[in-house]
Amino acid sequence: MTATYALLLLRGGLVPAVVVNAVVVVIAFYFGTHTATSKPAVPPGQPVPRPPRLVRALLLIGFAGLTLWFFSQHQSVGDIPPQLVAVLEVLAGYILGLTASWLVHRRAHISSARTRLATAFRDIVAAGALGLTAYICYSFLTTGTSIFASRTEDALSLVVTFYFGSRVIGH
């Protein structure tokens, strides 16, 4: 599916919305649920197996390569197809959320103060995401202008994916 998406972009053709949506679902599945799954039970003394990361790595490399190809051909951010920008925003949101969560949670177990900080971070991100999502949805309903102006849809995508990316670590 992602290969079809990439070929449609490279040919310069119109990418149907259903294909873009399917690619976003693939990203959500591989970056969201696979990362958040619980670790399998292993007998004492046995190492915990690491989850496979090949598909995620291939997706990241593929989308990075596709983006670099468009930069090499056009050398302008404005020339990148909007269908690719939409997918890149989803990836960026997940990666930013995951990185922020990792930075906060990586040493949360050291002390109770750090544990409270990690919990506060999760609550603040959740409240912020809910607030921004409500604001953006309100601007859609009222067709009013928002602080995001013409980038309202992009802002909603980034907020939602940042939130879900930030929920991956710390379970």
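Just so you know, these numbers use all the heavy atoms, side chains as well, and skip hydrogens, waters and symmetry mates. Bear in mind the structure is a predicted one, so any value in this text is a computation, not a measurement.
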### Query
Do side-chain atoms of Ser139 reach the backbone of Ile136 as a donor and acceptor pair under 3.5 angstrom?
yes
### Note, Tyr163 side chain near Thr133 side chain (heavy atom, < 4.5 Å)
no
#### Entry: Check against side-chain contact (heavy atoms from CB on, under 4.5 Å), Ile95 and Leu60
CA-CA 10 Å; Ile95 291 169; Leu60 282 175; 3.7 Å; yes
### Task
Group every Ile, Leu, Val, Met, Phe, Trp and Tyr by side-chain heavy-atom contacts under 4.5 Å, then state whether Val18 and Leu7 land in the same group.
no
### Message
Working to the nearest 0.5 angstrom, can you tell me the gap between Thr4 OG1 and Leu9 CG?
### Response
11.0 Å
### Donor-acceptor under 3.5 Å (Ser72 side chain, Trp69 main chain)
yes
### Task
Return the minimal non-hydrogen interatomic distance between His105 and Phe121, and the atom names on each side.
CE1-CD2, 4.1 Å
### Query
Nearest heavy-atom pair of Leu84 and Tyr5: which atoms, and what distance?
CA-OH, 3.0 Å
### Task
Examine Val125 and Val104 and state if one hydrophobic cluster contains both, with Ile, Leu, Val, Met, Phe, Trp and Tyr joined whenever side-chain heavy atoms are less than 4.5 Å apart.
yes
### Message
To the closest 0.5 Å, what do you measure between CG (Leu117) and OG (Ser111)?
### Response
9.0 Å
### Query
Within the distance-only criterion (no hydrogens, no angle test), does the side chain of Ser101 pair as donor or acceptor with the backbone N or O of Gly97 below 3.5 angstrom?
no
### Task
Could you grab the distance from atom CG of Leu132 to atom CG of Leu156, nearest 0.5 Å is fine?
9.5 Å
### Message
Between Leu130 and Phe162, is there shared hydrophobic-cluster membership here, with clusters defined by ILVMFWY side-chain heavy atoms closer than 4.5 Å?
### Response
no
### Query
With a 4.5 Å limit on heavy-atom distance, are the side chains of Tyr135 and Val159 in contact?
no
### Task
Could you go through the side-chain contact (heavy atoms from CB on, under 4.5 Å) check for Val160 and Tyr94 one step at a time?
CA-CA 9 Å; Val160 170; Tyr94 273 119; over 6 Å; no
### Query
If Ile, Leu, Val, Met, Phe, Trp and Tyr residues are connected whenever their side-chain heavy atoms lie under 4.5 Å apart, and connections chain through other members, are Val15 and Val85 in the same group?
yes
### Task
For the residue pair Leu14 and Gln83, establish whether any side-chain heavy-atom pair is separated by less than 4.5 Å.
yes
## Note on the structure
Test side-chain contact (heavy atoms from CB on, under 4.5 Å), reference Phe70, set Leu68, Thr67, Leu66, output is Leu66
### Message
Ignoring hydrogens, what is the shortest heavy-atom contact between Gly93 and Thr161? Give both atom names and the distance.
### Response
CA-OG1, 3.1 Å
### Message
Ignoring hydrogens, what is the shortest heavy-atom contact between Ser166 and Arg122? Give both atom names and the distance.
### Response
O-NH1, 3.8 Å
